[in-house]
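Scroll down for the structure; my scribbles are underneath it.
Please read these numbers as outputs of a predicted model, since none were measured by experiment.
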Amino acid sequence: MSYTQIIKPSFAVLLLVCFFALTILGQSQKSYQDTLKLLSEMNDVKSNNDKLAKLFRAGDERIADLLKALDDPNPDISLRAQVVIRYLGNDVGVKGLFEWYDKQKQFRVAGPIPLPLSEWDYKVVYAQYITEPPEKWVKSEPYMYALALDDSPKAKEALEKMIRIASNLDEATVANRAASRIQADQPAKILAGKEDLADLIRSNAFFISSDDRKYTSARFLALNGAKNKGLIEVYINRGRLSEGWYHVVVQKCEQGWRFFSITPVATS
């Protein structure tokens, strides 16, 4: 066998490897650019439900793109990437997001509180709520719902402390209303029934008061790529200038569905 007979196959293999590497790189760059385009168009999760739905459907497959977008020089893109990662709540995305938090000196936090609650979340609960006077509480409602949905011993302990404080507040406060709704229901229960997913969520929306139920509708937005999580918009229409919107993510289980996150997104 001659020297040239040995070198030619090796060169051909090298060319083939380079071709596939360039193809994969090109596909990766296109995917990232497509993700950035959707993030740039998602000015508001309520008004741009279609963009959020697209990212929710494709986000599990594009989690590397979303994590990369956290470092985008445009702070709005970074924040929106964080929001979508939190909506998806998959293990890779959440782990990467908290690792990113640890590297930042200053950052904004936005989006749902995925389950299970992390040590980072518990630090927030104790630092911003349990050890702070209730008049300083901001956005306590989603954390109370997340603790109720988590249903672990650690979450129950923290929730009991928040409810004890909130129950002494005026009944008109958000925290008191959230505490009352949690105590009146079983948020971590399995959701099962013959209704479609939107109707199932509407009929089990414990976070909506009984008075508001007659004004409430629900709209299905998207399933994620694995089809084991669904995103639903819940809308309360009491009349103009008295509206409310929630985004609900549910996760599939053997017997049906469970609430995964409940996020108030807008009021008017």
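- In this structure, a donor-acceptor pair under 3.5 Å is present between the side chains of E141 and Y246.
- Rounded to the nearest 0.5 angstrom, L117 CG and D150 CG are separated by 5.0 Å.
- Using modelled atom types, one finds no donor on one side chain facing an acceptor on the other under 3.5 Å when comparing D170 with T173.
- Considering all non-hydrogen atoms of both residues, I77 and L36 come closest at CG2-CD2, 3.7 Å.
- Ring-plane geometry between Y129 and W137 is classed as perpendicular, the angle between the planes exceeding 60 degrees on a 0 to 90 degree scale with a lower cut at 30.
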List, one per line, each side-chain donor-acceptor pair under 3.5 Å for residues 160-168, sequence neighbours excluded.
{"from": "S167", "atom 1": "OG", "to": "I163", "atom 2": "O", "distance (Å)": "2.7"}
{"from": "N168", "atom 1": "ND2", "to": "R164", "atom 2": "O", "distance (Å)": "3.2"}

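- Under 4.0 Å is where a charged nitrogen must lie from a carboxylate oxygen, and between D185 and K189 at least one such pair does.
- Annotation: side chain of D196 is not in contact with side chain of F220 (no heavy-atom distance under 4.5 Å).
- For the atom pair CG (L191) and OG (S203), the distance works out to 8.0 Å, reported to the nearest 0.5 Å.
- Considering D60, N228, N224 as possible partners of N90, the one that fulfils the side chain to side chain contact (heavy atoms under 4.5 Å, CB included) test is D60.
- Contact check on D91 versus K95 returns no salt bridge, with no Lys/Arg side-chain nitrogen under 4.0 Å from an Asp/Glu carboxylate oxygen.
- Shown here is E171, whose CD atom has no more than 12 heavy atoms of other residues, nucleotides or ligands within 6.0 Å.
- A heavy-atom distance below 4.5 Å is not found between the side chains of R177 and S209.
- Remark: aromatic rings of Y145 and F206 are close, center separation under 6.0 Å.
- Salt bridge E99/K103: absent, no basic N to carboxylate O contact under 4.0 Å.
- Residue Y215 qualifies as open at atom OH: its count of foreign heavy atoms under 6.0 Å is 12 or below.
- Looking at heavy atoms from C-beta onward, F259 lies out of side-chain contact with I190 at the 4.5 angstrom threshold.
- Annotation: the span from L70 atom CG to S78 atom OG amounts to 5.0 Å, rounded to 0.5 Å.
- For E41 and R80, the salt-bridge test fails: no basic side-chain N is under 4.0 Å from an acidic carboxylate O.
- Within a 6.0 Å sphere centred on NZ of K51, other residues, nucleotides and ligands contribute more than 12 heavy atoms.
- Counting heavy atoms of neighbouring residues, nucleotides and ligands inside a 6.0 Å radius, atom CD of E132 exceeds 12 of them.
- Just one of H247, K229, Q82 meets the side chain to side chain contact (heavy atoms under 4.5 Å, CB included) condition when paired with Y87; it is H247.
- Within the model, atoms CG of L149 and CE of M144 stand 12.0 Å from one another, a figure rounded to the nearest 0.5 Å.
- Side-chain N or O atoms of R57 include none that pairs as donor or acceptor with a backbone N or O of A222 at under 3.5 Å.
- Of the possible donor and acceptor atoms, none in the side chain of S47 sits under 3.5 Å from a partner among the backbone N and O of D44.
- Atom CG of D65 sits about 3.5 Å away from atom OG1 of T35, to the nearest 0.5 Å.
- Other residues, nucleotides and ligands contribute more than 12 heavy atoms inside 6.0 Å of the CG atom of D102.
- Between V250 and R258 the shortest side-chain heavy-atom distance does not fall below 4.5 Å.
- Expressed to the nearest 0.5 Å, how far CE of M42 lies from NZ of K54 amounts to 13.0 Å.
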